[in-house]
Amino acid sequence: LMAEDLRLLRNGCPAIDVELLKKCTSFVDESGRSEGLESTKRWFWQVVEKMSDRERSDLVYFWTSSPGLPATEAGFVPKPSVVVRPPSEDRLPTANTCVSRLAVPFYPSKKVLQGKLLQAIQTRVFGFV
């Protein structure tokens with residue numbers, strides 16, 4: 001193994017492959033709203049796809065405490081998940097990085113979700129709960 005191989009094994013790929021992340025991420029509905037899971041899931045991926053590379057990297061760091069994704073699908077241990085929580089415009093998303101779990105309240109719109117998610121990931125240390 002070369003030094004670059006070891007770095008990739010340890011830190012993952014520097015560019016965030018959104019399709020790989022989508023494929024490996026599960027969603028859990030705790031929102032208590034019939035539309036909570038599907039709308040949040042759709043908005044979440046729309047927001048992630050429009051993020052800059054830096055914002056995606058910050059999101060993955062906030063969510064998993066790793067600066068990048070594993071090189072392959074098999075490297076996701078544990079697999080990332082998103083828990084859609086009950087509605088609350090006052091709360092930011094949180095993360096349990098040990099189990100790669102992102103908790104996102106059900107927000108009333110994609111715009112609110114985007115703003116809250118960006119606010120949360122920009123704090124960098126807020127995800128460690």
Reported [atom1]-to-[atom2] distance for the pair [X] and [Y], which is rounded to 0.5 angstrom:
{"X": "D58", "Y": "S52", "atom1": "CG", "atom2": "OG", "result": "7.5 Å"}
{"X": "D17", "Y": "K23", "atom1": "CG", "atom2": "NZ", "result": "8.5 Å"}
{"X": "E49", "Y": "F44", "atom1": "CD", "atom2": "CZ", "result": "10.5 Å"}
{"X": "S57", "Y": "F62", "atom1": "OG", "atom2": "CZ", "result": "14.0 Å"}
{"X": "R33", "Y": "E38", "atom1": "CZ", "atom2": "CD", "result": "15.0 Å"}
{"X": "K50", "Y": "Q114", "atom1": "NZ", "atom2": "CD", "result": "9.0 Å"}

* Under 6.0 Å from the CZ atom of R101, do we count more than 12 heavy atoms belonging to anything else shown? -> no

Closest approach of [X] and [Y], non-hydrogen atoms and distance?
{"X": "L92", "Y": "Q119", "result": "CD2-OE1, 3.5 Å"}
{"X": "G36", "Y": "S39", "result": "O-OG, 3.7 Å"}
{"X": "T40", "Y": "L113", "result": "O-CD2, 4.2 Å"}
{"X": "T97", "Y": "Y61", "result": "CG2-O, 4.5 Å"}

Could you go step by step and tell me if D53 and I16 meet the side chain to side chain contact (heavy atoms under 4.5 Å, CB included) rule? CA-CA 7 Å; D53 288 339; I16 303 302; over 6 Å; no

| query | Do E19 and K22 meet the salt-bridge criterion of a basic N to acidic O distance under 4.0 Å? | reply | yes

- Between F76 and T25, is any pair of side-chain heavy atoms under 4.5 Å apart? no

Handout entry: Min side-chain heavy-atom separation N96-W63 under 4.5 Å
Key = no

Note to self: Test side chain to side chain contact (heavy atoms under 4.5 Å, CB included) on M51 and L118; report intermediate values, then the result.
What the structure shows: CA-CA 9 Å; M51 287 178 166; L118 290 173; 4.0 Å; yes

- F106 and W43 aromatic ring geometry - parallel, tilted or perpendicular at 30°/60° bounds: parallel

Consider only side-chain heavy atoms of I, L, V, M, F, W and Y, link residues closer than 4.5 Å, and tell whether L37 and V112 are in one cluster. yes

Shared hydrophobic cluster, L59 / V18 (ILVMFWY, side-chain heavy atoms < 4.5 Å)
yes

Enumerate, atom names and distances included, each donor-acceptor pair closer than 3.5 Å involving a side-chain atom of residues 78-89, sequence neighbours excluded.
residue : atom : partner : partner atom : Å
R85     : NE   : E30     : OE1          : 3.2
S88     : OG   : R91     : N            : 3.4

